[in-house]
Peer 1: 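My structure is below; once you've seen it, I'll send some questions.
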Amino acid sequence: MDRTIAELVRLRYVNLYCINIKCKRNMPELPEVETVRRGLQPVLEGQKLTSVVVRRSGLRIPFPKDFAKKLTGKTISHLTRRAKYILMHIEGGDVVIIHLGMSGHMTILAKNIPKPGKHDHVDFCTSNAVTVRFNDPRRFGLMTLTTEKGLETHKLLKNIGPDPLANNFNHITLADALVGRKVSIKVALLDQKTIAGLGNIYVSESLFRSGISPLRLAHSISGVEVEELTKCIREVLIEALDAGGSSLNDHVKPDGKLGYFQNNFKVYSKGDETCNRCLRARIKKIKQSGRSTFYCPICQS
DNA sequence: CTATCCACCTGGCGGC
DNA sequence: TGCCGCCAGGTGGATA
């Protein structure tokens, strides 16, 4: 039975519906965050928030004063995304900034709403009797408030680089962002002000696909290589997004649980395994700036 | 200014 | 079986 989320909610078919997945190797990077946004969109847009329940004083940062109070009774106009942030636009000009951190996920509860568990920090209850529950065991996520006017200059968003899936992003944008950077290309791509939305997984995957060693210095990447890298970043992200999208649209099980993203990683977490491109080298795992990097020493140079 | 390092947090896993 | 300690990750702020 394949149905969209909106349909399932309308039919009150969904008991428990996990939008994001508690899968060890699926930290929320751009594709996962975008998938969550797309999953929430049909159930939240145009709905009034009848109540907002906040169960602790803060996550990575404190909740704003009167967070719940300011949102209660307001209508959600639409959901957008900037880098790994989900933006919930409220009629009247407020905007809720949501970051899933490392372990944050959303659950849509359409009936038989269970008692909140240990890490269920926030509930958004809407006029269509749906509860969207935010759970985040590690509490690296955050929620805060700003306004439409303050969005561009908000501390969390103002220094974020271009979105790799946006139309205005291309190899020239990326090349510009790498000029003079004396860090490795791996570290530069992980930096959100170079490019928005890549995390540890997709940086390794993009570099593998483009055949560029993660150890190269950012400023040493040639124009031709940046062009290839740009193409590969987009491909990797779009493929992950498609996998997420198919999870949302096609893999709804009768019990309402979402199908898992497929892990088609070529190098990430594949340390010591034989490279499936050259079939000769073993994937190396190294540390760069305290973060693990996976790459093929033959395919990437 | 840029680069590096650390704190934040908890579940999961390896080792004993 | 149980417990201990380490590790993973994204980000901002402190430090060099």
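Computation of the quantities below employed the complete heavy-atom set of this structure, encompassing side-chain atoms and omitting hydrogens, waters and symmetry-equivalent molecules. The model shown is predicted, which means the values in this text are computed figures rather than measured ones. Per chain, numbering begins at 1; letters A, B, ... match sequence-line order.
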Peer 1: Starting at CG of A:Asn159 and ending at P of C:dG10, how long is that distance when rounded to a whole Å?
Peer 2: 19 Å
Peer 1: Look at the side chain of A:Tyr85 and decide which nucleotide, out of C:dG12, B:dG11, B:dA3, has an atom nearest to it.
Peer 2: C:dG12
Peer 1: Looking at A:Phe208, is A:Arg277 sitting on its ring face, NZ or CZ under 6.0 Å from the six-membered ring centre and within 45 degrees of the normal?
Peer 2: yes
Peer 1: Below 4.0 angstrom, N of the basic side chain to O of the carboxylate: do A:Glu34 and A:Arg38 qualify?
Peer 2: yes
Peer 1: Under 4.0 Å between a side-chain N or O of A:Gln192 and OP1 or OP2 of C:dG10?
Peer 2: no
Peer 1: List the steps, then state whether side-chain hydrogen bond (donor to acceptor under 3.5 Å, both in side chains) holds for A:Ser206 with A:Arg234.
Peer 2: CA-CA 8 Å; A:Ser206 303; A:Arg234 293 182 96 121; over 6 Å; no
Peer 1: How many Å lie between CD1 on A:Ile160 and P on C:dG12, as a whole number?
Peer 2: 7 Å
Peer 1: Kindly indicate, with the supporting measurements, whether the criterion salt bridge (Lys or Arg N to Asp or Glu O under 4.0 Å) is fulfilled by A:Lys115 and A:Asp120.
Peer 2: CA-CA 9 Å; A:Lys115 284 186 180 164; A:Asp120 292 331; over 6 Å; no
Peer 1: Compare the aromatic ring of A:Phe140 with the six-membered base ring of B:dC8 and state whether they stack according to the 5.5 Å and 30° rule.
Peer 2: yes
Peer 1: Over its full length, what angle do the end axes of the helix from B:dT2-C:dA16 to B:dC16-C:dG2 make, each axis taken from five pairs and the result rounded to 10 degrees?
Peer 2: 50°
Peer 1: B:dT4 P sits how many Å from A:Lys182 NZ, rounded?
Peer 2: 11 Å
Peer 1: Tell me whether the side-chain N or O atoms of A:Arg291 pair up with the base of C:dT11 as donor and acceptor below 3.5 Å, since no angle test is needed here.
Peer 2: yes
Peer 1: Using a cut-off of strictly less than 4.0 Å, decide whether A:His99 has a side-chain nitrogen or oxygen near OP1 or OP2 of C:dG12.
Peer 2: no
Peer 1: Less than 4.0 angstrom between a side-chain N/O of A:Tyr268 and OP1 or OP2 of C:dG9, yes or no?
Peer 2: yes
Peer 1: Give the rounded distance in Å between these two atoms: NE2 of A:His105 and C1' of C:dG9.
Peer 2: 16 Å
Peer 1: Would you say A:Lys155 places a side-chain N or O within less than 4.0 Å of OP1 or OP2 belonging to C:dG12?
Peer 2: no
Peer 1: Would you say a side-chain N or O of A:Lys287 is under 4.0 Å from OP1 or OP2 of C:dA8?
Peer 2: yes
Peer 1: So, does A:Lys285 get its side chain near the phosphate of C:dA8, meaning an N or O under 4.0 Å from OP1 or OP2?
Peer 2: yes
Peer 1: Who pairs with A:Arg138 by salt bridge (Lys or Arg N to Asp or Glu O under 4.0 Å), at least two apart in sequence or on another chain?
Peer 2: none
Peer 1: Anything under 30° is parallel, anything over 60° is perpendicular, the rest tilted; go ahead and classify A:His78 against A:His89.
Peer 2: parallel
Peer 1: Please determine if a side-chain N or O atom of A:Arg60 lies less than 4.0 Å away from the OP1 or OP2 oxygen of B:dC9.
Peer 2: no
Peer 1: With DNA chain C as reference, determine whether A:Leu142 or A:Arg138 sits nearer its 5' end, using the nearest nucleotide of each.
Peer 2: A:Arg138
Peer 1: Tell me: CE of A:Met102 to C1' of C:dC7, nearest whole Å?
Peer 2: 10 Å
Peer 1: Could you walk me through whether A:Phe124 and A:Val130 satisfy the side chain to side chain contact (heavy atoms under 4.5 Å, CB included) test, starting with their C-alpha distance in whole Å, then the side-chain angles of each, then the deciding distance to 0.1 Å, before giving a yes or no?
Peer 2: CA-CA 8 Å; A:Phe124 295 99; A:Val130 166; over 6 Å; no
Peer 1: Atom CG of A:Leu189 to atom P of B:dA3: distance rounded to whole Å?
Peer 2: 13 Å
Peer 1: In whole Å, what is the span from the CG atom of A:Leu157 to the C1' atom of C:dG10?
Peer 2: 15 Å
Peer 1: Does anything in residues 286-297 of chain A form a side chain to side chain donor-acceptor pair (under 3.5 Å)? List the pairs, not counting sequence neighbours.
Peer 2: A:Ser184-A:Gln288, A:Lys186-A:Thr293, A:Gln288-A:Thr293
Peer 1: A:Asp191 has an atom CG; how far is it from atom C1' of C:dG13, in whole Å?
Peer 2: 14 Å
Peer 1: Using OP1 and OP2 only, check whether a side-chain N or O of A:Ser292 sits under 4.0 Å from C:dG9.
Peer 2: yes
